[in-house]
Amino acid sequence: MKIKIKGLGEFQLNPGLPLKTLIPEIKKITSQLPIGFKHNHEYIDWHYSFNEKDLENLELEPIFSSNKEALIFLRHTASHVLAQAVKELFPEAKLGIGPPTEEGFYYDIYYKKPFDEEDLKKIEEKVKEIIKKNLSLERREISKEEARRLFERLKEDFKLELIEELPNSKVSIYSQENFVDLCKGPHLLSTGEIKAVKLLSVAGAYWRGDERNPMLWRIYGTAFFSKEELKEYLERLEEIKRRDHRKLGKELELFTIEEDIGPGLVIWLPKGAIIRNIIENFWKEVHLKRGYQLVYTPHIALKDLWKVSGHLDFYAENMFPSMELENRAYQLKPMNCPFHIYVYNQKRRSYKEFPIRYCELGTVYRFERSGVLHGLLRVRGFTQDDAHIFCREDQLEEELIQVLDLVIYFLKIFGFSEYKIFLSTRPEKFVGSPEIWDKAELALKKALEDKGLEYEIDPGEGVFYGPKIDLKIKDVLGRFWQCSTIQVDFNIPERFDIVYIGEDNKFHRPIMIHRALLGSLERFLGVLIENYAGAFPFWIAPVQIKILTITDRTINYGEKVAEIFKKEGFRVETDFRNEKLNYKIRIAQQEKVPYMIILGDKEEQNQVISVRTRRGKVINDLKIEEFINQIKTENQPEYLLNESS
RNA sequence: GCCGGCGUAGCUCAGAGGUAGAGCACCCGAUUCGUAAUCGGGAGUGCAUGGGUUCGAAUCCCAUCGCCGGCUCCA
């Protein structure tokens, strides 16, 4: 039978024989063997064999080591090597699952005691030994019955559980040396193809992610086709550590989370608060321009409000418990929506008024389990850049498009031009009828398609009152963060029975869109800190200019210059201390101040300034007005947008 | 919440049963020095909190709180 390989031609392959029997033949054509293949979105490795029926019209797409997908083969095999190493060192260990991931691979393994650093070291050595032996892998398809017997003999309880859930009557197993694992592949030809591997950490993980199940030990590692790539990856990890917003937040005095105040509760220090203030002002300005109306609402409300809204039925586990006063129960707000309903309800609404857009930087409190808190990215009190849009059904799509437009505008301003978009559909616990949900989901879909945005469906991940679009933004290091969310809601308007008078003089129910563009200011600022590595663009830098004197003689001139810049509205600090210039530059550099103005006798004589940027560029003898003009443009939020386009 | 690790001056960290230390920051003094750390001096912590073991605990044990890495969950 013939088999086609894209770009390499046709080959004679006998049914039942693995692809790797073709290697001598293929080597005649190319010196570079593919790592594996792809067919109809499925990965196929050299160990696959086909029957006659499979082979009809089969054309494989080769995957070479330069292709990102080749890493899946590599890392999957690396995880098997890891499992083999653990089994050799700890024969009683029981294997869970061991898949490749975005960045590497892991294997979940049950053992009577946790693996510590020492164990990890030993395991890594063993892994390297196994790689060095360059063991060939084998793939076999066996019946479920046979698999059951095999893994019973091996006492692999978790594998037995997996076998029972596999849909086909046959399952595949991969082996190397005396190690065998239930696995659908794909894998490398042999362990020696793993050129660089490193085990990174161990952590507990529930079997199948369910907290009712026993806990296994998850060993994380990563692997590459070359040592250089591994080195690059490890350097990237270092870079991530350097950019950690918790570390930078402390160093740059942006915010603090104090044990005495409470976990997940943020204090904005002056330097962080000014950034937040600048962003908030910009945000308000843009919203007012785009037809939103600004409102303010309280932080607590009577418990009954949350009964009506459905939060107490569907969201209670995320809410702080209520407090009683004068026989009435109050509730700290986890969302702003019910309040905006009351803004809407201030008067009888006409169809002519729509769309009505209320926005608020609303601070909400949500109870998050202690183990999930993480710096600014996951907190218990946060301020959403929230808005609720009330509109008619015929306006829904247009409004959604405008919201998408606005969110893309905001993200661009902050340097985020890439994102992943998810459409989250109806969850298990929901309010309203399935028909209404379908309608809402369709509206979101249409808006995305109108804008030509690609998206993935996230089944069952909607909020209890409606489906949503989430945007995950990609930062400079290629990591994704969820910030923006756009939600359609047909339900809460119904629960609060809000209406408007239509053209037909009858009551109608408006539709509500909930949306947060930056998400929460806390999380967004956390992401911003990491994205800019603390070196904020000029318009949001807490200190924009630092004035450094060379000797005490120029302090007077320094004060004069500082005054000029302050009067122009720039955020200026001075360092007139009796220290060497080098020292002052070093400090300003560490504070990541965009511009240092350096003043000595020469500058004073000519009434000019010397400027040093935080990137080390020096411009001597600048006229003050000239520099002011330059930084005035740079002080605009849209400055970077225009620069890059 | 669960699993593992950690918790020493404002910050970064050393000390691992014999009574607490370094660098930076801070205060004082000298120096007035042109693009990433000038020199000298001084003050400051009783080791997250509570309990226990011991002649003696920052060091060992237990509990609580918090943080870190994961699991689960989310803006």
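Chain letters run A, B, ... following the sequence lines, proteins first, then strands; residues in each count from 1. Values in this document were obtained by computation on a predicted structure and should not be read as measured data.
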(request) State the pairing partner of rG34(B); accept Watson-Crick or G-U wobble contacts with both distances under 3.5 Å, and report none otherwise. (result) none
(message) Taking the nucleotide of RNA chain B with the nearest heavy atom to each, does E259(A) or E368(A) sit closer to the 5' end?
(response) E259(A)
(message) Once you apply a heavy-atom cut-off of 4.0 Å, does G209(A) come out as touching a base, just sugar-phosphate, or nothing?
(response) sugar-phosphate
(request) Ignoring hydrogens and angles, answer whether the base of rG70(B) and the side-chain atoms of Y206(A) contain a donor-acceptor pair closer than 3.5 Å. (result) no
(request) Find the partner of rG42(B): check Watson-Crick (N1-N3 plus N6-O4 or O6-N4) and G-U wobble (N1-O2, O6-N3) distances, both under 3.5 Å, and reply none if neither fits. (result) rC26(B)
(request) Identify the nucleotide, in any strand shown, that forms a Watson-Crick or G-U wobble pair with rA58(B), with both distances under 3.5 Å; if there is none, say none. (result) none
(message) Tell me whether the ring of F382(A) lies stacked over the rA75(B) base, given a 5.5 Å limit on centroids and a 30° limit on the plane angle.
(response) yes
(request) Measure the distance from CZ on R212(A) to P on rG1(B) and round it to the nearest whole Å. (result) 19 Å
(request) Describe the nucleic acid contact of D210(A) in one word from base, sugar-phosphate, nothing, applying a heavy-atom distance below 4.0 Å. (result) nothing
(message) Please give the distance between the P atoms of rG21(B) and rU38(B) as a whole number of Å.
(response) 28 Å
(message) Could you tell me the Watson-Crick or G-U partner of rU49(B), where both distances fall under 3.5 Å? Say none if there is no partner.
(response) rA63(B)
(message) In whole Å, measure the gap between the P atoms of rU8(B) and rU49(B) for me.
(response) 10 Å
(request) Scan every strand shown for a Watson-Crick or G-U wobble partner of rG21(B), both distances under 3.5 Å, and answer none if you come up empty. (result) rC13(B)
(message) Mind checking if R612(A) touches a base, just sugar-phosphate, or nothing, with heavy atoms under 4.0 Å?
(response) base
(message) For rC33(B), does the base pair up with any side-chain atom of R553(A) as donor and acceptor (N or O, under 3.5 Å, distance only)?
(response) no
(message) Under 4.0 Å, counting only non-hydrogen atoms across every strand here, what does V379(A) touch: a base, just sugar-phosphate, or nothing?
(response) base
(message) Roughly how many Å apart are rA14(B) and rC71(B), using the C1' atom of each and rounding to a whole number?
(response) 34 Å
(request) Using a cut-off of strictly less than 4.0 Å, decide whether R577(A) has a side-chain nitrogen or oxygen near OP1 or OP2 of rA25(B). (result) no
(message) Check this for me: does any side-chain nitrogen of one of R426(A) and E441(A) sit under 4.0 Å from a carboxylate oxygen of the other?
(response) no
(request) Ignoring the backbone of I585(A), work out which of rC3(B), rG1(B), rA36(B) is nearest its side chain. (result) rA36(B)
(message) Base, sugar-phosphate or nothing for N336(A)? Non-hydrogen atoms, less than 4.0 Å.
(response) nothing
(request) Output yes when E591(A) and R614(A) qualify as a salt bridge under the 4.0 Å nitrogen-oxygen rule, no when they do not. (result) no
(request) Would you indicate what G204(A) reaches in the nucleic acid, counting non-hydrogen atoms under 4.0 angstrom: base, sugar-phosphate, or nothing? (result) base
(message) Classify F524(A) by what it touches in the nucleic acid, base, sugar-phosphate, or nothing, heavy-atom distance under 4.0 Å.
(response) nothing
(request) Between V611(A) and T485(A), name the one whose nearest nucleotide on RNA chain B is closer to the 5' end. (result) V611(A)
(message) If you compare every side-chain N and O of R380(A) against the phosphate oxygens of rC73(B) (OP1, OP2), does one of them come in below 4.0 Å?
(response) no
(request) Tell me whether rG46(B) sits syn or anti, counting syn as a glycosidic angle within 90° of 0. (result) syn
(message) Work out how far the P atom of rC2(B) is from that of rA75(B), and round it to whole angstrom.
(response) 24 Å
(message) For the C1' atoms, the ones on rA48(B) and on rG66(B), what distance do you get once it is rounded to whole angstrom?
(response) 8 Å
(message) Any base atoms under 4.0 Å from K250(A), or only sugar-phosphate, or nothing? Heavy atoms, all strands.
(response) sugar-phosphate
(message) Check the phosphate of rC3(B) against K113(A), side-chain N and O only, distance under 4.0 Å to OP1 or OP2. Yes or no?
(response) no
(request) Quick one: label E603(A) by what it contacts on the DNA or RNA (base, sugar-phosphate, nothing), any heavy atom closer than 4.0 Å. (result) base
(request) Any strand is fair game: report the nucleotide pairing with rC2(B) by Watson-Crick or G-U wobble, both distances under 3.5 Å, or none. (result) rG70(B)
(request) Look at the side chain of D552(A) against the base of rU32(B) and say whether a donor-acceptor pair falls under 3.5 Å; ignore hydrogens and angles. (result) yes
(message) Once you apply a heavy-atom cut-off of 4.0 Å, does E579(A) come out as touching a base, just sugar-phosphate, or nothing?
(response) base
